[in-house]
Amino acid sequence: MSKTATIKKAPKAKRAEVGPTMSGSEILVACLEREGVDTIFAYPGGASMEIHQALTKSKKIRTVLPRHEQGGAFAAEGYARATGRAGVCMATSGPGATNLVTGIADAYMDSVPLIAITGQVPQAMIGKGAFQETDIYGMTLPVVKHSYLITDINDIPRVVKEAFYLAQTGRPGPVLIDLPKNIQQAKAQPVFPAEISIRGYEPNPKASDLALNEIIGLIEKSERPVLYVGGGIISGNASEELRKFAVATGIPVTSTIMGCGAFPETHPLSLRWLGMHGTAYANWAVSGEFEHRKSFNDPMVQIAPGADLLLAFGVRFDDRVTGKVDKFCEKGTIVHIDIDPSEINKNKPANLPIVSDIKYALGRLNEMLAKRPIEKKFTKWLEQIAGWKQRAPFGYRVTDEVVKSEHMRVHLKGKESEVILPQMAIEMIYELTNGEAIITTGVGQHQMWSGQYYKYKHPRQFLTSAGLGAMGYGYPAALGAKVARPDKQVIDIDGDGSFLMNIQELATAHIEKIAAKAVILNNQHLGMVVQWEDKFYEGNRGHTYLGDPDNRREIYPDYIAVASSFNVKCERVMFRKDLRGAIQRMLDCDEPFVLDVIVPYTEHVLPFTPAGKTVADMIWKA
Ligand SMILES: Cc1ncc(C[n+]2csc(CCOP(=O)(O)OP(=O)(O)O)c2C)c(N)n1
Ligand SMILES: [Mg+2]
């Protein structure tokens, strides 16, 4: 035995800390500060003004006043999506709380860490139909990861710590904290826990080596593997591991819209994104190339086979990706890795289902591959894909519909060379920002084109309401992202319909000096619905025109006038010759800026696979 035997000390358990006597509101704010919160998007009212009073005393937290609670929730989401840290929003009871619901649902669908705090009527009034009482806890139950109605002031520190832990770990999501006013006003000495654990909650499952080895075996046997990756890669901070894995194996990568930027879209192995409006070549690579069928009842005639192995990592087989789900990668072996066991076999059965943190799984796979590299090269498969890529890139042209359009006649006086197609505008933004901006969007055609014509090189670069598809998301999300990343150019590429839904946030931008930019691809229509009307309803317009029917020649509303009333700079661009200069002026401006780009409404987003249909029904040529 050595002379100096060392006695190992047990690691010191972190101690809870006791604070001075404070009000419930002050305890809440102190807890937020302890979680590192630097910004809260909060709109006051009777049931939450106590908390605002406490916030005015905080030296660490910036309170941003949105002009609508929905804007606040989306801004908090933009903050969260741009950073990976929980975004925090707050509203009063009743209408304030219900105005948060869309943002909470959005965060739930896209797995965004969000803390939504609501003031509630005093406990003694709950259930009495009190003024501005709504059961926000009950109302949001299906769209939260977890929720709390605090009934004891002494619970506040634990609840807040748990809420952040739950929102930010495992599969991230929204957590609601409903805090009655009497508890905000009560006094107590807080006990801040140093650590918490939640029984039954295991946020970091790890794949076994056995299962991971099986994946390597499957790759070795495969001829036509494809990686299909999603938002899970981004929220799991696994982009670097994914890049290494793809390069080490030589497997091509397609992503979901949520996964844009998880793998650089400029990389030769990238197939860009797949699904309803994704690249034809990604859809073919996954499900095979088929003769285009005229009718959905015709048989599917295969031209070339698709993937024989689909590595589905951090995805959920969303219907906008799969179309008719049993025809999606019908012939391939499916490996599905997800951190959330409830996603396994939910939409599409997997041959090899693995519940795991994806960063761990990919990291471990890379270690295994370093020791035992894959000898196989998928040369023939990559050649096939290169051929597909060459044949069916994203593309657009000035169609006859555009040439014959009212826009062309009235605004452009027939000058074809001056028309600005929405796709062109996005390509130009891509070029002038070197592909480095953070892009947010509304929902509609412009959203799909923003996915297609801007190539995302980094995770957390494309912030879009994907699962819920909530119009009005773009500009407030850009505000949140810009607050979080003031060093980045943040641009909301929006539709006129979507932008109008939260246009009041221009006030937030101006007053709070948040230099988020907005480009409105203004087609005077609810373009995506118009596209469906054209395809499935013989072009009959069912309330999809946004202009003034009594004066169709004028652009309505006048965004320059609207923006100027908010003291926000705005320019309108009608002619192609003016576009580049205008975008550059917008980029050079260190204030909020709106660029109203007038585009025809006659364009359709292609490729297009109708909902619930197959790759054989995909229309991909203009
Ligand atoms: C809150 C909300 N209401 C309705 C819809 C249905 N919807 C989807 S796309 C769309 C049209 C959007 O128009 P706009 O924002 O102008 O974009 P565009 O398609 O013209 O580019 C509508 C109404 C939605 N997604 N969200
Ligand atoms: Mg529109």
Side-chain angles (χ1 to χ4, degrees), residues 68-71 73-74 77 98-107 109-110 143 257 276-277 318-320 396 401-402 405-407 411 420-426 429 439-454 464-478 491-505 518-537 539 541-548 552 555-557 559 562 572-573 594-606 608 610-611:
H68 188 300
E69 290 88 350
Q70 185 182 94
F74 286 159
E77 268 199 272
T98 55
N99 277 347
L100 290 182
V101 172
T102 304
I104 295 171
D106 192 72
M109 291 293 274
D110 287 348
V143 291
I257 287 194
M276 181 179 275
H277 295 297
D318 174 76
D319 59 88
R320 282 296 191 265
Y396 58 86
E401 285 79 12
V402 172
S405 68
E406 199 176 0
H407 173 58
H411 298 136
I420 302 171
L421 296 183
Q423 300 94 319
M424 286 172 188
I426 297 166
I429 297 169
I439 302 293
T440 70
T441 72
V443 172
Q445 293 183 309
H446 65 277
Q447 176 189 29
M448 297 298 112
W449 286 319
S450 300
Q452 294 181 340
Y453 292 94
Y454 203 103
T464 195
S465 170
L468 193 66
M471 288 171 68
Y473 178 81
Y475 197 62
I491 307 169
D492 166 34
I493 301 180
D494 221 329
D496 47 334
S498 296
F499 187 68
L500 203 51
M501 282 206 177
N502 274 316
I503 196 162
Q504 75 288 342
E505 297 311 326
V519 176
I520 308 172
L521 296 174
N522 189 348
N523 56 11
Q524 295 279 283
H525 282 77
L526 298 171
M528 187 56 98
V529 186
V530 165
Q531 175 165 346
W532 286 43
E533 286 174 344
D534 289 348
K535 273 259 135 16
F536 309 116
Y537 301 89
R541 298 284 166 255
H543 320 108
T544 44
Y545 178 56
L546 293 172
D548 177 357
R552 294 182 69 101
I555 303 298
Y556 180 89
Y559 286 106
V562 175
R572 177 183 290 169
V573 190
V594 178
L595 194 63
D596 184 26
V597 181
I598 312 300
V599 296
Y601 77 94
T602 37
E603 280 301 282
H604 284 185
V605 182
L606 293 177
F608 177 35

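Whatever order the structure lists ligands and atoms in, that order sets their numbers, starting from 1. One is the number of the first residue; the rest follow in order along the sequence.
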If you measure from [atom1] on [X] to [atom2] on [Y], what distance do you get to the nearest 0.5 Å?
X    : Y    : atom1 : atom2 : result
Q452 : Y396 : CD    : OH    : 11.5 Å
D106 : T464 : CG    : OG1   : 9.0 Å
D494 : L500 : CG    : CG    : 10.0 Å

Do N502 side-chain atoms and G472 backbone N/O form a donor-acceptor pair below 3.5 Å? yes
| query | Taking Q524 for the side chain and R552 for the main chain, is one N or O donor matched with an acceptor at less than 3.5 Å? | reply | no
Which atom of H525 is nearest the Mg ion (ligand 2), counting N, O or S only? It is O
Which pairs of N or O atoms, one from ligand 1 and one from the protein, are separated by less than 3.5 Å, and what is the distance for each pair?
from     : atom 1 : to   : atom 2 : distance (Å)
ligand 1 : 15 (O) : S498 : N      : 2.7
ligand 1 : 15 (O) : S498 : OG     : 2.7
ligand 1 : 16 (O) : D496 : N      : 3.3
ligand 1 : 16 (O) : D496 : OD1    : 2.7
ligand 1 : 16 (O) : G497 : N      : 2.9
ligand 1 : 16 (O) : H525 : O      : 3.1
ligand 1 : 17 (O) : H446 : ND1    : 3.1
ligand 1 : 19 (O) : Q445 : N      : 2.8
ligand 1 : 19 (O) : G527 : N      : 3.3
ligand 1 : 19 (O) : M528 : N      : 2.9
ligand 1 : 20 (O) : N523 : OD1    : 3.2
ligand 1 : 20 (O) : N523 : ND2    : 2.9
ligand 1 : 20 (O) : H525 : O      : 3.1
ligand 1 : 20 (O) : G527 : N      : 2.8
ligand 1 : 21 (O) : Q445 : N      : 3.4
ligand 1 : 21 (O) : H446 : N      : 3.0
ligand 1 : 21 (O) : H446 : ND1    : 2.9
ligand 1 : 25 (N) : G469 : O      : 2.8
ligand 1 : 26 (N) : G469 : O      : 3.4
ligand 1 : 26 (N) : M471 : N      : 3.3

Going by the angle between their ring planes, with limits at 30° and 60°, are Y601 and H525 parallel, tilted or perpendicular? parallel
Determine the interplanar angle of the W532 and F608 rings, folded into 0 to 90°, and report it as parallel if under 30°, tilted if 30 to 60°, perpendicular if over 60°.
-> tilted
For this session: Please determine if the Mg ion (ligand 2) has an N/O/S atom from N522 lying under 2.8 Å away.
Result: no
So does H446 have any N/O/S atom less than 2.8 Å away from the Mg ion (ligand 2)?
no
Begin from the C-alpha positions of Q445 and E603 and carry the test side-chain hydrogen bond (donor to acceptor under 3.5 Å, both in side chains) through to its verdict.
CA-CA 9 Å; Q445 293 183 309; E603 280 301 282; over 6 Å; no
Here the vertex angle at the Mg ion (ligand 2) for OD1 of N523 and OD1 of D496, given to 10°, is 90°
